[in-house]
Visitor: 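There's a structure below that I have some questions on.
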Amino acid sequence: SSGIYAVTAPETGTYRIELTTASPKKLLEEMTADELKSVVQMEQSRREDLQSIRTLVMRQKDIATFMTSKGGLAQLAIWFRGFEAKPLLPSNLTLLETILQQKRGICRHRSLAFVAIAQAFGYKARMVTNEAHAFVEVFVDEEWRYVDLGGQTEKLNVTSPFDTVP
């Protein structure tokens, strides 16, 4: 299965970790010229997307103010925590524009928008999800830091094999 894995060592020291993947062998071989060209095109498209997000954010005066000042990520997290914890309303805008305009959304909406904005401003950020919640991690001071933006799940069903009687 795929996912994010963590290893905790019982004590300080050097450890060897082996990871076995089910990736096709081709992925591990050298890229062809066409594959390399495709990667370069994807990176160019990604840079253009990040520039579009920066432009969008700079039009949002409240976000632009703190994203161009010291402590911008902390301010951005506080701003997202102030959203209404409700599903998004239908909109003809892009998902990011809808989230920013409506200032509402459940945890996955907030996390997705936060990561897009943080990356557009040069921060390393990633979204982490499980069955019940989504949150963000940001790479600051040489480590990944947990950022919970709040929100609630739209729907969560928890079942246990112990809930049924044979």
Visitor: Where the side chain of Arg126 meets the backbone of Glu137, is there a donor-acceptor pair that is under 3.5 Å apart?
Guide: no
Visitor: Looking at CD of Gln101 and CG of Leu96, how far apart are the two atoms once the value is rounded to the nearest 0.5 Å?
Guide: 11.5 Å
Visitor: What is the minimum heavy-atom distance between Cys107 and Gly150, and which atoms define it?
Guide: CB-O, 3.3 Å
Visitor: Quick check: do Leu88 and Leu95 have side-chain heavy atoms less than 4.5 Å from each other?
Guide: yes
Visitor: Spell out, yes or no, whether Ile53 and Met58 are grouped together once hydrophobic residues are joined by side-chain heavy atoms under 4.5 Å, including indirect joins.
Guide: yes
Visitor: Evaluate the side-chain proximity of Trp144 to Lys124: yes if any heavy-atom separation is below 4.5 Å, no if none is.
Guide: yes
Visitor: To the nearest 0.5 angstrom, please state how far the CG atom of Leu76 sits from the CZ atom of Arg110.
Guide: 12.0 Å
Visitor: Are Met67 and Gln60 packed together at the side-chain level, in the sense that at least one heavy-atom pair is separated by less than 4.5 angstrom?
Guide: no
Visitor: Nearest 0.5 Å please: distance from the OG1 atom of Thr98 over to the NZ atom of Lys103.
Guide: 14.0 Å
Visitor: About how many Å separate CD1 of Ile99 and OG1 of Thr94, when rounded to the nearest 0.5 Å?
Guide: 8.5 Å
Visitor: Within the structure provided, determine whether Val138 and Phe114 are in side-chain contact (heavy-atom separation under 4.5 Å).
Guide: yes
Visitor: What is the ring orientation for Trp79 with Phe83, classed by angle as parallel under 30°, tilted 30 to 60°, or perpendicular over 60°?
Guide: perpendicular
Visitor: Would you indicate whether the side-chain heavy atoms of Phe121 and Val57 approach each other to under 4.5 Å?
Guide: yes
Visitor: Indicate yes or no: at least one non-hydrogen side-chain atom of Val140 is less than 4.5 angstrom from one of Tyr123.
Guide: no
Visitor: Do Asp62 and Gln75 touch side chain to side chain, with heavy atoms closer than 4.5 Å?
Guide: no
Visitor: Mark yes or no for whether Gln119, through its side chain, and Ala125, through its backbone, hold a donor-acceptor pair below 3.5 Å.
Guide: yes
Visitor: Determine the minimum heavy-atom distance between Gln102 and Ser91, stating which atoms define it.
Guide: NE2-CB, 4.1 Å
Visitor: Rounded to the nearest 0.5 Å, how far does CG of Leu56 lie from CD1 of Ile63?
Guide: 7.5 Å
Visitor: Give the C-alpha distance, both sets of side-chain angles, the deciding distance and a yes or no for side chain to side chain contact (heavy atoms under 4.5 Å, CB included) between Arg108 and Met127.
Guide: CA-CA 8 Å; Arg108 71 174 177 268; Met127 182 171 154; 4.0 Å; yes
Visitor: Any donor and acceptor pair, going by atom type alone, linking the side chain of Thr65 with main-chain N or O of Lys61 inside 3.5 Å?
Guide: yes
Visitor: Val147 and Ala77: which non-hydrogen atoms are nearest, and at how many Å?
Guide: CG1-CB, 3.9 Å
Visitor: Could you tell me the separation between the CG atom of Leu50 and the OG atom of Ser45, rounded to the nearest 0.5 Å?
Guide: 9.5 Å
Visitor: Please step through side chain to side chain contact (heavy atoms under 4.5 Å, CB included) for the pair Asn92 and Glu97, ending with a clear verdict.
Guide: CA-CA 9 Å; Asn92 292 328; Glu97 290 170 323; over 6 Å; no
Visitor: Using a 4.5 Å cut-off on heavy atoms from C-beta on, say whether the side chain of Ile117 contacts that of Phe80.
Guide: yes
Visitor: Can you give me the closest heavy-atom contact between Ile106 and Pro87, atom names plus distance?
Guide: CG2-N, 4.4 Å
